[in-house]
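Naming: A, B, ... by sequence-line order, numbering from 1 per chain.
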Amino acid sequence: MRTVDGPYLRIVEQPKQRGFRFRYGCEGPSHGGLPGASSEKNRKSYPQVKVCNYQGAARVVVQLVTNTAEPHLHAHSLVGKQCDKGICIVELLPKDSSISFPNLGILHVTKKNVSKVLEERMIEAYRMGYNYGIFINPEIDVLQGEVRMPRELTGRSVNLISSASIHQSKEMDLSVVRLMFTAFLPDSDGGFSRRLEPVISDPIFDSKAPNASNLKIVRMDRTAGCVTGGEEVYLLCDKVQKGQKFAIVFKTPKYRDQNLQKPISVFVQLKRKSDNETSEPKPFTYHPQIIDKEEVQRKRQKTLPNFQDYSGAGGGAGGMFRGGGGGSFIIRSLKFPPCIKGHFFQGYQTYNNFGSGYNFSSGVGGGGTTIKHGGCPRCQSSCCHYSSFDCTITYTAISKLYLLICSVLDRTFRGLHLGVIHSQTDAVRNLAQVISGLPGEDIINMRNDLYQTPLHLAVLTQQKEAVEALLEADVDITLTDRHGNTALHLAAQQKEDNMLRLLLKYKPVVQLTSIPNTAGLCPLHLAVQANGLSCVRALLDGGADVDVQEITCGHTALHLATELGNLSLAGCLLLEGNAYVDSVTYNGSTPLHVAAGRDSTKLCALLMAAGADPHKENFEPLFFKEDELCGTCEEEEEEEDEGYIPGTTPLNMATSPEVYDILNGEEYQLTTTVVPPQGDMKSLSSDTKQELCQALEGQTGGWESLAHALGLGILTSAFRLSTCPARKLLDSYEVSGGTVRELVEGLKHVGNSSAVSLLQAMCKEPEAVHTTPQLTGNID
DNA sequence: CGGGAATCATT
DNA sequence: TAATGATTCCC
């Protein structure tokens with residue numbers, strides 16, 4: 001097409017396609033220029049074109065054209081600095097090869113003026129020779145020789161153009177335009193008459209147009225439900241343009257197969273009736289109906305013919321759902337109150353807040369919600385794989401076994417005595433294996449009304465054998481309860497790490513460590529939130545990704561630990577888990593931002609020691625564009641470039657001088673040692689300390705426990721590297737201002753009686769010595 | 001800039 | 001006519 005060596009025009013930066021509002025004339029000028037596609041809050045950019053294979057002056061004309069296969073002139077106007085008569089003309093300086101357009105506004109023509117304005121636009125384009133490449137009228141279109149002087153219009157041309165404008169205005173979509181750039185190079189006379197091939201940008205959609213919004217489901221309060229339907233789901237929806245969010249509440253429809261045996265994945269998506277625009281689908285899981293005890297009991301009595309009822313082949317109760325996501329549901333929606341606009345909602349609390357604070361009565365919803373059946377639904381013939389003879393036998397067997405397992409686990413969960421259970425765990429193991437070998441049914445994965453599987457219950461009730469039995473029986477470890485928790489999530493929240501380690505021994509479980517529950521939290525996050533150091537360790541040992549982000553804000557475990565002010569967890573994540581110290585959340589914040597923000601000297605020191613960057617900018621602008629703040633600032637046409645607005649660094653966030661100093665690289669140790677330690681550890685002789693060390697080394701796990709008891713747990717890993725960890729511990733404790741009295745308490749706590757008596761014996765003496773005050777009176 | 005009231009148009 | 005949606009204008 002284009003010769004390689006000739007000059008040509010190329011779009012270097014496209015305009016941003018969405019989020020920009022076309023303005024009416026009555027709204028006045030100065031509403032900000034059309035941004036470039038890669039423009040961001042802190043770093044603005046604008047549409048830009050480049051004249052390639054050319055150096056020298058040029059003139060670039062920008063016009064608005066329609067978003068149709070054959071471009072027409074658009075009736076909207078380009079307005080702004082170098083704009084006139086609806087088009088923009090700029091001169092490219094010889095020193096530049098590209099040119100950007102920082103100040104393009106799009107003026108929305110009113111409906112009744114469309115044809116009038118369009119006609120003016122066409123006439124002007126024709127006069128100036130700017131009608132190349134756009135379709136007006138065949139007879140007009142052929143006349144597009146290079147123009148040195150404005151063309152005169154014949155009466156006939158005027159008529160043709162007039163009728164073309166009337167015709168075209170009828171079809172014109174006023175909610176979308178494209179930019180057409182045409183470059184003109186100077187001819188020998190210096191006139192810009194050498195026209196290059198025009199280029200047309202991507203379409204730009206008016207953000208104010210009713211259907212401009214991208215439909216998007218930002219979050220749903222639940223991602224699973226029962227096949228029977230009728231459960232409320234709250235959707236948080238985004239209208240892609242900044243911040244505006246809607247909540248939609250709907251009830252799940254019945255799944256078409258009420259006899260579903262295994263959970264099935266479907267999709268939820270928003271669908272706008274007017275233009276069939278749809279959002280990205282979000283997964284949703286339908287769980288089988290939970291058959292309650294009486295039901296099971298009743299069915300157990302029945303014989304063969306009813307088995308089909310149970311397994312899904314027969315036309316039992318429920319009746320088939322029409323399928324295809326039929327119904328239009330009742331959609332109630334509301335706009336969020338302005339006070340919370342622009343923020344992400346964290347956790348359920350907020351949901352509850354607005355849920356109870358506002359009533360969802362306004363029937364605003366212009367959209368509909370569709371449940372799309374995704375994936376391959378299980379065929380209805382799940383029981384035709386084995387003969388009816390087998391059915392008779394297995395059915396009874398299954399029922400019995402299932403009841404037993406359920407009752408064992410269920411009763412346990414309701415607080416029945418563990419002793420009773422333990423005697424049955426072998427039975428459970430056997431049963432689990434037997435059952436898993438049975439064809440057709442999936443009983444060991446069956447859920448109760450909280451969507452808990454036997455595995456969930458076994459973990460919750462901390463039954464080691466039951467967990468092992470279930471794992472050996474190859475249960476589905478991926479199944480989630482109604483909060484999206486797998487058994488691993490539940491284990492991660494426990495005080496002890498034994499369930500967790502048990503689960504993690506099974507390789508396939510490890511991949512669950514990166515799965516978020518419905519609150520967006522992975523097991524590691526849950527462990528941190530539960531202040532479960534041992535669980536954190538277990539997860540790290542088990543191969544969990546230490547830097548995994550939670551879904552809502554992109555926090556890592558280190559962010560969360562910092563946010564909670566939990567020094568030992570943060571230390572563990574850094575030292576043992578080798579966590580990336582400068583991981584960033586969705587808004588670009590590092591753990592050090594968090595620590596500085598909460599004014600925590602210790603955490604700042606820890607993070608700095610781990611190499612955190614105190615100058616890292618997040619995406620929160622450090623300041624906003626100066627309004628009337630500084631009268632001294634001369635406003636010399638700084639429209640040209642909005643300038644770079646920096647993000648906020650941890651240093652910016654420091655409020656106390658201590659934190660500020662630490663972030664500036666001052667040794668934390670220094671500041672603490674400059675202040676003389678309050679403690680009296682110095683009063684202990686080196687011999688005493690030596691004996692103390694021995695007493696500690698003698699006790700297995702002694703110094704580690706003591707370290708935790710003294711609040712120095714965070715340093716255990718560091719101590720461990722030393723040849724004499726106990727000694728290191730005591731030194732650190734002394735430096736940090738520890739007292740003998742608290743040391744004794746700590747030793748008592750860890751049950752090291754020999755060390756305790758050792759110290760209590762020594763403590764007497766120094767006190768006696770100190771009772772004689774020295775008077776060096778030198779009073780004048 | 002973005003929210004929203006007012007007004008116009010359509011069903 | 002009332003209800004709903006689109007357009008325009010205002011702050």
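Between A:Y286 and A:F284, the ring planes are perpendicular. Angles over 60° get that label, and only those under 30° would be called parallel. Relative orientation of the A:F101 and A:F181 rings is tilted, given thresholds of 30° and 60° on the angle between their planes.
For A:E231, the CD atom counts as densely surrounded, since its 6.0 Å shell holds more than 12 non-hydrogen atoms of other residues, nucleotides or ligands.
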What does the list of N/O pairs under 3.5 Å between the protein and nucleotides 8-11 of chain C look like, with a distance for each?
{"unit_1": "C:dT8", "atom_1": "OP1", "unit_2": "A:K111", "atom_2": "N", "d": "2.5"}
{"unit_1": "C:dT8", "atom_1": "OP2", "unit_2": "A:Y24", "atom_2": "OH", "d": "2.6"}
{"unit_1": "C:dC10", "atom_1": "N4", "unit_2": "A:E27", "atom_2": "OE1", "d": "2.7"}

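No salt bridge links A:K208 with A:E27; every basic N to acidic carboxylate O contact stays at or beyond 4.0 Å.
Proximity of A:V114 to A:L174: side-chain heavy atoms (C-beta onward) are separated by under 4.5 Å at one or more points.
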